[in-house]
**Q** 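Questions regarding the structure given below will be posed in turn.
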Amino acid sequence: MTRHDFAFCGAELAAVYVLADGGDELRLAEVAGDGGGTYGLPSAVAVAGRSPATDAFRTDRPLWLAPRELAAYDAELAGSATGHLGGSWPAGYSLGALPLGGGATALGCLLVAGAVGAGFDADRRGLLELYADQVAAGLESAAGRAAGLRGAPALGRSLVPRHGGAFTLALDSGSLVADERTLSLFGLDAAGFDGRVESLLACAVPDDVPALMQILEPGRMSAGGGQLAFRVRLPGGELRWLGLRCRLRFGPDGTPERILGVVADAAYLRPTADEVAVVQDLAARLAGATTVREVSRQVVAALREPLRASRIALAELKAERLFVTVLDPPDHHAWPPAWQSEWRSEWPDASYHALPTLQNAMRHGHLSLWPSGAGLEDNLAGIGPGGLAVLPLPAEGRMVGVCLVGWDTPHSFAPEERSLLTAVAGLVGQALTRAHALDAGHELATMLQRSLLPRKLPELPGGVAVARYLPATRGLEVGGDWYDVIPLGEGHVALVIGDVQGHSAAAATIMGQMRTAVRAYAVEGHPPDVVVARANRLLVGMETDLFATCLYADLDMEEGIARFVRAGHLPPLLRHPDGVTQELEVEGGPPLGVLADAQFPMTEAGLGPGTLVALFTDGLVESSQLALDDGMRRAREVLAGADPADPGRVADDMLGTADGRDDDVAVLLLRYDGSHSRPLRTHWTVWRLPDAVLHARRFTARTLRSWGVREEADAALLVVSELVTNAIAHTRGEVRLNLTLSSDRLRVAVTDASPRSPVKPQVEWDATGGRGLLIVEATTAAWGAVPLSGGKQVWAEIPVERER
């Protein structure tokens, strides 16, 4: 490099001394502006010796010497025992020695010299110190790349940024004074420059403009200044990396007055061969990915190791909701609570409005890098406590998703990493869009399946139910697997799972109809065998060639009794509290839709608190590569080794791997916890005698006294009188009185043989009757009527305080 290759703020020479491996000397690494070696700089100086470079290095403070001071310094060194170690400086020269790095990251020292008769003034010193920061950044980059992603690249580049330029921005007027070198770096002609900072910003790549705007705002800049690596596009279309360092200067009153800045070519930020290899590897992986899940897995495989990331999440954006496609590592405990709740859930999605930082990044489409302690919302900060990269994924002019990369330990984002992540975001966004185009039919099938299955399962008294569904990966037709959880009266819950023959729109239609029918029959109060028998007759009457299998379970959550009915379906698995797992023997009937008069016997089983009940379709345990017996054995082993405290995780474990399925898979799992206190129940058959109501009242009074119900007894007797009177007066056949006392409520229920529901009458004031239901409504907390097989039940509930 010749003398004319370097000139900056009055300095005609720059020399970089780098700390040797042993830490005992500084070695001359590069000289700019001294092509002939006229200054006689030593190749190495001992750190413990005297020289401008070592003095500045040891004190970690810049050393400035005007011509007279430099001459006196040289004379002092010449008379010392160490001899002359500072170089031969022409008369009238000033010198600056600026430490590079500092403290534990001390790198070396930068010497600058030039014919500045009065010495470097304050502004020049500030600009040269900023320039030294750029040199230090180059050294750090070289060290980082030496440890780099996949090996040490050959450095072979200048440590001194060439063509460095300086500028001054006046904050009151917004005018900018820049030297010719600065304008040249931006690709501008000095003769046509208008002195406006906006003209420089217009040259920057749009993605980098927000960061530039922030660093040039005085209120955002710290007292130590700001720094940034950014890109500009030259008139010919070429991209150029620039490094920017800024520092505030304050007026006499302490208010910010102007900004000093230096700009240099940061060619070292261009992707290295190793970084290009990462992008090429990812591109090759994504070329063969045909589904969204495959794209997600390939992104993790290509980036996790090179970036040394602790976590990677990928999510699609659809209708302002994020659909999670991958969370890596595959351990839900490694993620914040909000992500744990979505862990491989049935339809994992969440509104991105709940994460303002994510929403802002998606709206503007800019890469966001957040260091440790950035003050993010908890559900983002927990992904990367040491640092978080938010990569919006662009494609076809819109944002199609987001990739989150997090680190546990403090992570410093090197400027070149920003370029790598930006390139990755573009590739992944295009791959997601392509995957959607390739499996559009599969996506349509999945959406149809979502609309036909329950989106969320109800909360249950005395238990927890979870469900999982995975569509087949082979073929694009919608399947017929279905499930439901149906809360029934008096602490009962119905679990049902089924599978309609085939994969087609017809199968999906039948599936939706069967689910609706079973739910309707169950809510009417029919016993399990009647529910399945009626669903069977309905399917036979549809005159379709398709049949369906079904497993129906009625669980008494208070008593711990389960009644199962099986129609051509696989039997359930029970995991008892002691870990013993069994395949429950359930006497079965034929599949639904085969025989109109088929019989479906019931099988009863007792459940202890902590028991897991698993219902599933045959896609879980049987395929072209898996025999049914082997699949059932594997399901039992997984269930036996599971932790019942987390039913969702148990269901995930039962699903196993998600690759290569040739059939849909549905899993419905319930953990039975039991009730803290079992309710008291009794019943009375009301005979049609003249004093039938009297006998019902006497039975109720005796029962309530034995149960310790005192204060509410009068209201209960009044309700019994009215409901029994209505049943005897308006129906025929058997009338049955049921009394149930739970911890806080007394339930009075009267069953009769009439399917007609009672109607609250409009009673005139002078009428002598017809006020029975009005009295019931006034004296109870709630009342209603439900249809039962061959009749109905009218019930009412009264809050009670039981004697202790």
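Each residue takes its place number in the sequence, starting with 1. Quick caveat: nothing in here was measured; it's all calculated off a predicted structure.
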**Q** Assess whether side-chain contact (heavy atoms from CB on, under 4.5 Å) is satisfied between Val135 and Leu107, documenting all intermediate values.
**A** CA-CA 10 Å; Val135 175; Leu107 302 171; over 6 Å; no

**Q** For the atom pair CG (Leu639) and CZ (Arg634), what is the distance rounded to the nearest 0.5 Å?
**A**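 Nearest 0.5 Å value for the CG-CZ distance: 12.5 Å.
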
**Q** Quick one: list whatever passes ring-ring contact (aromatic ring centres under 6.0 Å, His included) with Trp407, sequence neighbours left out.
**A**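 With neighbours one apart ignored, the set is His411, Phe413.
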
**Q** Nearest 0.5 angstrom please: Leu615 CG to Leu495 CG, how far?
**A**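 CG of Leu495 is found 6.0 Å from CG of Leu615.
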
**Q** Using the salt bridge (Lys or Arg N to Asp or Glu O under 4.0 Å) criterion, which residues pair with Asp646? Sequence neighbours excluded.
**A**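 For Asp646 there are no salt bridge (Lys or Arg N to Asp or Glu O under 4.0 Å) partners, ignoring immediate neighbours.
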
**Q** With sequence neighbours left out, what residues match Gln298 under side-chain hydrogen bond (donor to acceptor under 3.5 Å, both in side chains)?
**A**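 side-chain hydrogen bond (donor to acceptor under 3.5 Å, both in side chains) list for Gln298, sorted by chain: Arg285.
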
**Q** For the CG atom of Leu421 and the CG atom of Leu303, what is their distance to the nearest 0.5 Å?
**A**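 Answer rounded to 0.5 Å: 8.0 Å.
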
**Q** Can a donor-acceptor pair be found, under 3.5 Å and without considering hydrogens, that links the side chain of Arg671 to the backbone of Ala645?
**A**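 At least one qualifying donor-acceptor pair exists.
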
**Q** Side chains of Met399 and Leu393: closer than 4.5 Å at any heavy-atom pair?
**A**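 No, their side chains stay 4.5 Å or more apart.
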
**Q** Ignoring hydrogens, what is the shortest heavy-atom contact between Ala651 and Val667? Give both atom names and the distance.
**A**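 Distance-wise, the nearest heavy atoms are CB-CG1, 4.5 Å.
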
**Q** At their closest point, which heavy atom of Gly429 faces which heavy atom of Val400, and how far apart are they?
**A**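 Closest approach of Gly429 to Val400, heavy atoms only: O-CG2, 3.8 Å.
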
**Q** For Asp484 versus Pro454, what's the shortest heavy-atom pair and its separation?
**A**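 Closest approach of Asp484 to Pro454, heavy atoms only: OD1-CG, 4.2 Å.
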
**Q** Which is it for Phe323 and Leu317 under the side-chain contact (heavy atoms from CB on, under 4.5 Å) test, yes or no, and what are the steps along the way?
**A** CA-CA 6 Å; Phe323 288 79; Leu317 180 64; over 6 Å; no

**Q** Does the side chain of Cys246 reach to within under 4.5 Å of the side chain of Leu130, using non-hydrogen atoms?
**A**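 No; the side chains remain at least 4.5 Å from each other.
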
**Q** Are Arg231 and Trp241 in a cation-pi contact, defined as NZ or CZ under 6.0 Å from the six-membered ring centre and within 45° of the axis?
**A**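 Because its charged atom sits under 6.0 Å from the ring centre and within 45° of the axis, Arg231 does stack over Trp241.
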
**Q** Using the test side chain to side chain contact (heavy atoms under 4.5 Å, CB included), find all partners of Leu234 that sit at least two apart in sequence or belong to another chain.
**A**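 Expected list: Val232, Glu238, Arg240.
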
**Q** Is any side-chain heavy atom of Leu185 less than 4.5 Å from a side-chain heavy atom of Asp265?
**A**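 Side-chain contact under 4.5 Å: yes.
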
**Q** CZ of Arg649 to CG of Asp643: how many Å apart, nearest 0.5 Å?
**A**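 Between Arg649 CZ and Asp643 CG, I get 11.0 Å after rounding to 0.5 Å.
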
**Q** Could I get the full list of side chain to side chain contact (heavy atoms under 4.5 Å, CB included) partners for Glu377, not counting sequence neighbours?
**A**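 In terms of side chain to side chain contact (heavy atoms under 4.5 Å, CB included), with neighbours along the sequence ignored, Glu377 is linked to Leu355, Pro356, Thr357, Leu380.
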
**Q** I'd like to check the salt bridge (Lys or Arg N to Asp or Glu O under 4.0 Å) partners of Glu198; sequence neighbours left out, ordered by chain and number.
**A**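 For Glu198, the residues satisfying salt bridge (Lys or Arg N to Asp or Glu O under 4.0 Å) (neighbours in sequence not counted) are Arg196.
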
**Q** Using a 4.5 Å cut-off on heavy atoms from C-beta on, say whether the side chain of Leu244 contacts that of Phe230.
**A**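 Yes, close enough: below the 4.5 Å cut-off.
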
**Q** Can you tell me how far the CG atom of Leu388 sits from the OG atom of Ser310, to the nearest 0.5 Å?
**A**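 So the CG of Leu388 and the OG of Ser310 are separated by 11.0 Å.
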
**Q** Would you say the side-chain atoms of Ser372 pair up with the backbone N or O of Gly387, donor to acceptor, closer than 3.5 Å?
**A**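 No.
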
**Q** With sequence neighbours left out, what residues match Arg311 under side-chain hydrogen bond (donor to acceptor under 3.5 Å, both in side chains)?
**A**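 side-chain hydrogen bond (donor to acceptor under 3.5 Å, both in side chains) list for Arg311, sorted by chain: Asp408.
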
**Q** How close do Leu669 and Pro647 get, counting heavy atoms only, and between which atoms?
**A**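 Taking Leu669 first and Pro647 second, the nearest heavy atoms are CD2-O, 3.4 Å.
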
**Q** Take Asp618 and Leu628 through the side-chain contact (heavy atoms from CB on, under 4.5 Å) test and state the conclusion after the steps.
**A** CA-CA 8 Å; Asp618 57 356; Leu628 177 60; 5.7 Å; no

**Q** Under the criterion side-chain contact (heavy atoms from CB on, under 4.5 Å), I'd like the reasoning laid out for Phe616 against Leu668: C-alpha separation, chi angles, the key distance, then a yes or no.
**A** CA-CA 6 Å; Phe616 45 86; Leu668 181 58; over 6 Å; no

**Q** Taking only residues two or more places apart in sequence or in another chain, which ones pass side chain to side chain contact (heavy atoms under 4.5 Å, CB included) with Ala666?
**A**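 Ala666: side chain to side chain contact (heavy atoms under 4.5 Å, CB included) contacts with Tyr469, Asp481, Tyr483, Ile497, Thr617.
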
**Q** Out of Asp652, Asp653, Asp664, which one pairs with Arg468 under the salt bridge (charged side-chain N to carboxylate O under 4.0 Å, His left out) rule?
**A**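 Exactly one pass, corresponding to Asp652.
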
**Q** Does a side-chain heavy-atom distance below 4.5 Å link Leu573 with Met632?
**A**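 In short, these two side chains touch, coming nearer than 4.5 Å.
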
**Q** Once rounded to the nearest 0.5 Å, what's the spacing between atom CG of Leu612 and atom CZ of Arg575?
**A**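 Between Leu612 CG and Arg575 CZ, I get 6.0 Å after rounding to 0.5 Å.
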
**Q** I need the minimum non-hydrogen distance between Val299 and Cys403, along with the two atoms involved.
**A**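 Where Val299 meets Cys403 most closely, the heavy atoms are CG1-SG, 4.5 Å.
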
**Q** Ala465: what forms a side chain to side chain contact (heavy atoms under 4.5 Å, CB included) with it, not counting sequence neighbours?
**A**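 With sequence neighbours excluded, Ala465 shows a side chain to side chain contact (heavy atoms under 4.5 Å, CB included) to Leu457, Leu460, Val485, Leu670, given in chain and number order.
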
**Q** Please give me the minimum heavy-atom distance between Leu314 and Ser296, naming the atom from each residue.
**A**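 So the two residues come closest at CD2-OG, 3.3 Å.
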
**Q** Taking only residues two or more places apart in sequence, or in another chain, which ones meet Arg233 in a salt bridge (Lys or Arg N to Asp or Glu O under 4.0 Å)?
**A**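 Arg233 satisfies salt bridge (Lys or Arg N to Asp or Glu O under 4.0 Å) with no other residue.
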
